[in-house]
Amino acid sequence: MNDINKELKNFVLSLGVDLFGVADVVSIKDKFLLSNEAKNNFNRAISIGIVVASGVLDDIDGQPTRLYYQYYRTLNNLLDQIGVRIASFIEKRGFKALPIPASQVFDGDRLNSHLSHKEIGVLAGLGWIGRNNLLVNEIYGSQFRLATVLTNLDLICARPLEKDCGECYDCISACPASALGEDSRDYNLNNCFLKLKEFQKKRIVDQMICGICVKSCKPSKNKN
């Protein structure tokens with residue numbers, strides 16, 4: 001089984017992902033908005049991430065841009081394709097897999113998806129939930145997009161990191177919606193939602209995205 005763990009990781013990294021981790025999701029799968037069969041079948045989740053190009057984020061100044069919107073969609077599509085290839089890799093070896101789209105919201109009022117990629121990222125040892133209410137990685141900050149592949153392949157799982165944002169409060173001052181606070185639990189969904197609707201209504205972007213808190217949570221190499 002160790003061989004297939006190594007083989008899978010090498011395969012996934014060869015597809016161009018920047019983040020890879022495996023999580024035991026038994027403790028959270030009751031929260032998945034999936035069929036009971038899917039919940040029963042899958043106890044492992046592969047979390048993958050691709051870093052957002054710094055040039056795209058640098059162009060954001062107080063509001064999202066059309067460039068960021070297009071790049072966001074392209075990156076999600078790339079992650080979805082990689083998820084399909086990972087699922088195929090697993091199923092060809094006699095196991096089950098279910099790729100979950102990077103960004104597929106079906107409850108617009110609560111911005112809910114089938115599962116929380118960031119929560120799985122935490123369990124996969126890729127980072128922690130920061131003050132920005134996003135997954136924060138110790139190398140890349142929050143400047144990446146995530147996707148997930150569920151599987152019944154009994155992979156070796158990572159452990160969550162015991163880290164936090166420390167003395168960094170950059171996202172709080174950057175947030176145009178005043179939606180962030182001292183702790184991720186202080187996140188104000190309503191404030192964030194209203195600002196996203198405002199951006200969408202102004203036709204700045206055609207999707208409920210912002211990117212400002214992503215830009216403010218910088219990779220460690222760019223920290224002052």
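One-based numbering along the sequence shown. The model shown is predicted, which means the values in this text are computed figures rather than measured ones.
With sequence neighbours excluded, the residues satisfying side-chain contact (heavy atoms from CB on, under 4.5 Å) with Val122 are Ile129, Leu135, Pro160. In this view, Val56 and Ala53, Tyr68, Tyr71 satisfy the side-chain contact (heavy atoms from CB on, under 4.5 Å) rule, not counting sequence neighbours. For Phe89, the ring-ring contact (aromatic ring centres under 6.0 Å, His included) partners are Phe11, not counting sequence neighbours. Legend: residues meeting side-chain contact (heavy atoms from CB on, under 4.5 Å) with Asp24, ordered by chain and number and at least two apart, are Val26, Arg44, Cys157. The side-chain contact (heavy atoms from CB on, under 4.5 Å) check on Ala174 picks up Ile212, Ser216, with sequence neighbours excluded.
Under the 4.5 Å side-chain heavy-atom criterion for Ile, Leu, Val, Met, Phe, Trp and Tyr, Leu126 and Ile139 are members of the same hydrophobic cluster.
Screening Gln200, Lys201, Lys195 for a side chain to side chain contact (heavy atoms under 4.5 Å, CB included) involving Glu198 leaves a single residue, Lys195. None of Val22, Leu146, Val17 except one satisfies the side chain to side chain contact (heavy atoms under 4.5 Å, CB included) rule with Ser47; the exception is Leu146.
Side-chain contact of Ser184 with Asn133: a donor-acceptor pair under 3.5 Å is absent, judged by distance alone.
When hydrophobic residues (I, L, V, M, F, W, Y) are linked wherever their side-chain heavy atoms come within less than 4.5 Å, the members clustered with Trp128 are Val136. Using a 4.5 Å cut-off between side-chain heavy atoms of Ile, Leu, Val, Met, Phe, Trp and Tyr, Val84 forms no hydrophobic cluster with any other residue. Members clustered with Leu150: Val25, Ile28, Phe32, Leu34, Phe42, Leu98, Ile100, Leu115, Ile120, Leu123, by chain and number, using a 4.5 Å side-chain heavy-atom cutoff among hydrophobic residues.
Within the structure, the salt bridge (Lys or Arg N to Asp or Glu O under 4.0 Å) test picks out the following pairs touching residues 125-142 (sequence neighbours left out): Arg131-Glu182, Glu138-Lys163. Pairs engaging residues 8-19 under the salt bridge (Lys or Arg N to Asp or Glu O under 4.0 Å) rule: none recorded [sequence neighbours left out]. Applying the salt bridge (Lys or Arg N to Asp or Glu O under 4.0 Å) test to residues at least two apart or on different chains, the pairs with a partner in residues 74-100 are Glu7-Arg93. Within the structure, every pair that satisfies the salt bridge (Lys or Arg N to Asp or Glu O under 4.0 Å) test and touches residues 25-34, not counting sequence neighbours, is listed here: Lys31-Glu119.
Taking 4.5 Å as the limit, every side-chain heavy atom of Ile86 sits out of range of all side-chain heavy atoms of Pro99. Leu13 is listed as a side-chain neighbour of Phe20, based on a closest heavy-atom distance under 4.5 Å. For the pair Ile46/Leu153, no side-chain contact is recorded, criterion being any heavy-atom separation below 4.5 Å from C-beta on. By the 4.5 Å heavy-atom criterion applied to side chains, Asn43 and Asn152 are not counted as neighbours. Considering only heavy atoms from C-beta on, Leu57 comes within 4.5 Å of Val52 through its side chain. You'll find the side chain of Leu78 stays beyond 4.5 Å of the side chain of Thr74, heavy atoms only. Side-chain atoms of Leu134 and Cys213, non-hydrogen and from C-beta on, do get closer than 4.5 Å to each other.
Contact detail for Ile209 and Pro64: the closest heavy-atom pair is O-CG, 3.8 Å. Contact record, Gly21 with Ala124: C-CB, 3.6 Å, taken as the closest heavy-atom pair.
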- Task: Let me see the working for Cys210 and Phe199 under side chain to side chain contact (heavy atoms under 4.5 Å, CB included), right down to the final yes or no.
- Result: CA-CA 8 Å; Cys210 174; Phe199 290 147; 3.8 Å; yes
- Going through the distances and angles, do Asp186 and Leu180 end up as a side chain to side chain contact (heavy atoms under 4.5 Å, CB included)? CA-CA 6 Å; Asp186 298 324; Leu180 308 178; over 6 Å; no
